[in-house]
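I have placed the structure first, in the form of structure tokens, so that the comments after it can refer back to it.
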Amino acid sequence: MAGGRPPGFVETPQPCRYHIAMRSTPPREPADPSTVIVSRGQISRRVAELAQEIASDCGPQELTVVAILDGALIFLADLVRRLPMPLVLVTVGVRSYRGRAVTAGPLEVHRGIHTDLAGRRVLIVDDIYDTGATLAAVMERVARHGPNSCRTCVLLRKRRDDEPAGPRPDFVGFDIPDVFVVGYGLDYDGRYRNLPDVVALKRSEEGTS
Ligand code: IMP
Ligand code: MG
């Protein structure tokens, strides 16, 4: 990463080189800089690197990007504009967090894949990998089409103690602590997607549903 290590950045020998350590100060306001888990600068540099990693792995042939909306929207927009190969964009609508809950509810695919992916080289893109259930469900739907290949990319992956529900993503932007985050497309009860940094949700904002 150019420009030295930002505060709170700890490099570990984990599969993802970008490992964000939990800050010692507790989160306050969502827009308060002390809650920043991944800054806009870190995101921008890493998205450029991820695009290079994807380009060298996937090659110059046409790629079909299957984006999991709504959360992947902002990441997707930045990532695809850095991918050099010809590209077809497909979206799938999945919901797993309902209203004011911060733990996963049942998965609902409210908009399926309406493009034929047979023989295509597919890259699934999501904002965050938590239990892995969302990615596993979308991979299963993509696999039904008989693609030529299927890779997966997430901006964030939470460090959890339990085993993930599905295969690990091929490309990961940052490993982050197991806290509920918003911003850069990620929401809480539909809010905060427009924040340019990924920040921890302050406890008083959390509710249950
Ligand atoms: P998983 O299915 O448990 O891996 O959860 C992944 C999905 O849950 C993502 O597509 C997000 O939409 C949502 N999600 C998981 N963790 C967070 C979070 O901390 N903030 C906002 N959304 C989250
Ligand atoms: Mg999502």
Side-chain angles (χ1 to χ4, degrees), residues 15-16 18-23 26-27 29-31 35-39 42-43 50 65-79 90-113 123-142 150-209:
C16 175
Y18 296 89
H19 170 109
I20 305 295
M22 192 60 190
R23 281 149 210 279
E29 301 298 322
T35 69
V36 172
I37 301 286
V38 192
S39 73
Q42 288 174 291
I43 294 170
L50 275 174
V65 171
V66 174
I68 305 178
L69 298 187
D70 299 326
L73 186 60
I74 311 266
F75 174 43
L76 172 78
D78 285 345
L79 182 70
V90 174
T91 60
V92 53
V94 179
R95 251 183 240 124
S96 59
Y97 284 86
R98 311 297 181 81
R100 296 171 65 79
V102 295
T103 50
L107 207 70
E108 181 202 348
V109 178
H110 60 90
R111 197 183 53 256
I113 299 168
L123 175 74
I124 303 174
V125 173
D126 202 5
D127 52 357
I128 188 165
Y129 183 94
D130 183 7
T131 65
T134 303
L135 203 56
V138 174
M139 285 176 79
E140 196 263 317
R141 279 172 170 75
V142 168
C150 181
R151 296 273 192 279
T152 55
C153 175
V154 295
L155 178 70
L156 307 169
R157 175 173 58 188
K158 285 190 190 174
R159 288 193 295 274
R160 296 169 59 105
D161 294 334
D162 47 355
E163 270 301 299
R168 289 168 195 281
D170 298 303
F171 304 98
V172 176
F174 300 92
D175 278 319
I176 63 163
D178 188 8
V179 291
F180 197 84
V181 288
V182 294
Y184 197 69
L186 292 107
D187 76 307
Y188 171 66
D189 199 17
R191 299 194 170 79
Y192 308 124
R193 292 195 197 275
N194 56 320
L195 297 179
D197 306 301
V198 172
V199 303
L201 187 73
K202 68 170 180 170
R203 305 296 302 184
S204 61
E205 289 285 334
E206 293 180 15
T208 50
S209 64

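The residues of the chain are indexed from 1 along the displayed sequence. Start at 1 and go down the list; that is how both ligands and their atoms are numbered.
- Partner of Tyr184 under the side-chain hydrogen bond (donor to acceptor under 3.5 Å, both in side chains) criterion, chosen from Asp127, Asp78, Asn194: Asp78.
- When each atom of ligand 1 is checked for a heavy atom of Asp187 under 4.0 Å away, the hits are 21 (C).
- Not a single heavy atom of Gly71 sits closer than 4.0 Å to an atom of ligand 1.
- The contact set between ligand 1 and Asp126, taken as ligand atoms under 4.0 Å from a residue heavy atom, comprises 9 (C), 10 (O).
- Using 4.0 Å as the threshold, Ile68 has no heavy atom nearer than that to any atom of ligand 1.
- The residue from Val198, Leu156, Ile128, Val182 that puts a heavy atom closest to atom 6 (C) of ligand 1 is Ile128.
- Environment of CZ in Arg111: crowded, with over 12 heavy atoms of neighbouring residues, nucleotides or ligands closer than 6.0 Å.
- Taking Asp170 as the reference, Arg151, Thr152 meet the side chain to side chain contact (heavy atoms under 4.5 Å, CB included) condition, with sequence neighbours excluded.
- Between Phe180 and Tyr188, the two ring planes are perpendicular [angle over 60°; tilted spans 30° to 60°].
- To the nearest 0.5 Å, atom CG of residue Asp189 and atom CG of residue Leu201 are 10.0 Å apart.
- Of all atoms in ligand 1, listed by their number and element, those nearer than 4.0 Å to a heavy atom of Val179 are 19 (O).
- Here's the thing with Gly132: one of its N/O atoms is less than 3.5 angstrom from an N/O atom of ligand 1.
- Nearest-heavy-atom check against atom 9 (C) of ligand 1 across Asp127, Thr134, Asp130 picks out Asp127.
- Against a heavy-atom cut-off of under 4.0 Å, Lys158 is close to the following atoms of ligand 1: 16 (N), 17 (C), 18 (C), 19 (O).
- Residue His110 holds its NE2 atom at 6.0 Å from CG of Asp70, rounded to the nearest 0.5 Å.
- Shown here are the side-chain hydrogen bond (donor to acceptor under 3.5 Å, both in side chains) partners of Asp162, two or more places apart in sequence or in another chain: Arg160.
- Atom 3 (O) of ligand 1 has its nearest heavy-atom neighbour, among Thr131, Val138, Leu135, in Thr131.
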### Task
Begin with the C-alpha distance, continue with both residues' side-chain angles, and end with the deciding distance and a verdict on salt bridge (Lys or Arg N to Asp or Glu O under 4.0 Å) for Asp175 and Arg157.
CA-CA 5 Å; Asp175 278 319; Arg157 175 173 58 188; 2.6 Å; yes

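- Here Leu186 has side-chain heavy atoms under 4.0 Å from ligand 1, and that is the only part of it that gets that close.
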